[in-house]
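Numbering of ligands and ligand atoms starts at 1, following listing order.
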Amino acid sequence: MLRIHDTRARQVVQLQPGRMVRMYTCGPTVYRHAHVGNLRTYVLADLVRRVLERRRVRVLACRNVTDVGHLNDTGVDKVVREAEVEGRSVRELARHYEATFDADTTALNVRPPEHAPRASESVEPMIELIAALVERGHAYALPDGSVFFDVRTFPTYGEISGNRLEELQPAHRIEAVDPRKRFHADWALWKPAEGELTWDSPWGRGFPGWHVECSAMALRFLGPSVDLHLGGIDLRFPHHEDERAQSDAATGHEVVRHWVHGEHLLFDGRKMAKSTGNVVLLSDVTAAGLDPLAVRMAFLEHRYRQQLNLTWDTLRAADRTLRRWRARVAEWAESPSAPMAGEHVARAEAALDDDLDTPATLRVLRELERDESVPPGARLESFLHLDQVLGLDLSADIGRAPVLPPGAGELLESRARARAAGDWKEADRLREELAELGVRVSDTPEGQTWA
Ligand code: AMP
Ligand code: ZN
């Protein structure tokens, strides 16, 4: 069974699921495109799901859509301005980016969660949760219509990130501490406002804070016990600390069993973030002629708890491997089927169970690819079996007439010339280069052929 790193426990823990695992992933903020950094986090959630499902565990997944709340945290003016520039309402803008997010995750073979609630359509449970927190003395409402969480009523605050309350410095940002708060680390559960995307509440018209959205949707769609809660590493604090405080304070028990965080993606050595202008979208990758699943492949080449510095070279290399594997799988499919290579598959699966050691899994596949002692049919079955977890569409080329990958035509011509000139060393070198692209060259009395 899967062992995975639990941020709060600060160690790798053995999951002990019953027949079902309830899993919540903090979803996208839909006022802009998700970049490939964001997508790394959603592929992580998908991988966890697939590893568990291979162990016959049913996964009930919820991934929300943040179409209100965090939008405003990130600067409502920016969102409204963006909507104006694009000539749409904020709601239309959110629907547009939700659709592009769905297209991106589909292209990455991320299985859709059972529940994908929009925050804007889940305001009722949020209001109920806030009311429960006020009633239990964990939150206070102010005359201006705002409601704050009273963090000092939750003594174990900080267990996920290690940011204990007494050590938190007030106003580490530029803006001064909001004078309405009883304590500098309290946060808004409800914010008074008028206009688009606001609702009536017992405290007046307004909208919910981002943190309370996730607590309310997780409790509403998964119930009072959540086995796994996932997100990018930046969400540890304050988002997940605040979520934990709200959910636990409202229910009176520890709601989330394990908190799992994926490390960040860098691109060309810099953090991928819109604020730094260092953003690569999945559409940029496909526009460069690469398969979207090359991105998934590049993710799998690294462990989720390590920063991954992506470059165009890494992506191109991942794309080549992907195409080569598909070509090999199609070629093996021509041979009679044979039972899986049990020892290889067992090692590859053990690596997945070992806190998702995907690079080790891919190493086993590379080994198997070259192992001529394993019958082609067995290599085929092993690759297809493991692809259920890897999600790389490795069977895509089966039955398809082989198509030369980009650049291979020129290499074949060079090789024909090298052979004609008797330059066997160069011909061998080119054969290897072609093999890297997934093209197998054979020499026949009629000249070279390829498959
Ligand atoms: P957001 O839409 O900004 O709320 O982010 C969606 C998810 O992407 C969250 O889980 C973030 O932690 C995660 N995330 C943001 N930036 C990166 C990055 N550079 N690498 C990996 N994950 C990220
Ligand atoms: Zn969340």
### Query
Out of Ala34, Gly37, Ala273, Gly232, who gets a non-hydrogen atom closest to atom 21 (C) of ligand 1?
Gly37

Could you tell me whether [X] and [Y] have a side-chain N and a carboxylate O separated by less than 4.0 Å?
X: Glu263; Y: Arg40; answer: no
X: Arg95; Y: Glu121; answer: yes
X: Arg49; Y: Glu53; answer: yes
X: Asp397; Y: Arg328; answer: no
X: Arg3; Y: Asp354; answer: yes
X: Arg303; Y: Asp357; answer: yes
X: Arg379; Y: Glu369; answer: no

### Query
Under 4.0 Å from ligand 1, counting heavy atoms only, is it the side chain of His35, its backbone, both or neither?
side chain

### Query
Using a heavy-atom cut-off of under 4.0 Å, does the side chain or the backbone of Arg270 touch ligand 1, or both, or neither?
neither

### Task
Could you note down all residue pairs passing side-chain hydrogen bond (donor to acceptor under 3.5 Å, both in side chains) where residues 291-302 supplies at least one of them, sequence neighbours left out?
Asp46-Arg296, Asp291-Arg326, Glu301-Arg366

N/O separation below 3.5 Å, [X] to ligand 1:
X: Leu235; answer: no
X: Pro28; answer: no
X: Arg32; answer: yes
X: Asn38; answer: yes
X: Leu265; answer: yes
X: Trp210; answer: no
X: Thr41; answer: yes
X: Met272; answer: yes
X: Tyr42; answer: no

### Query
What pair of heavy atoms forms the shortest contact from Trp312 to Ala288, and how long is it?
CZ3-CB, 3.9 Å

### Task
Could you point out which residue of Val48, Val51, Leu228, Leu52 forms a side chain to side chain contact (heavy atoms under 4.5 Å, CB included) with Val59?
Leu52

### Task
Evaluate the ring planes of Phe383 and Trp332, with Trp represented by its six-membered ring, and classify them as parallel (under 30°), tilted (30 to 60°) or perpendicular (over 60°).
perpendicular

### Query
Going by the angle between their ring planes, with limits at 30° and 60°, are His211 and His239 parallel, tilted or perpendicular?
tilted

### Subset of ligand 1 atoms that lie under 4.0 Å from at least one heavy atom of Thr29
1 (P), 2 (O), 3 (O), 4 (O)

### Task
Taking 2.8 Å as the upper limit, name the protein N, O or S atoms near the Zn ion (ligand 2).
Cys26 SG, Cys214 SG, His239 NE2, Glu243 OE2

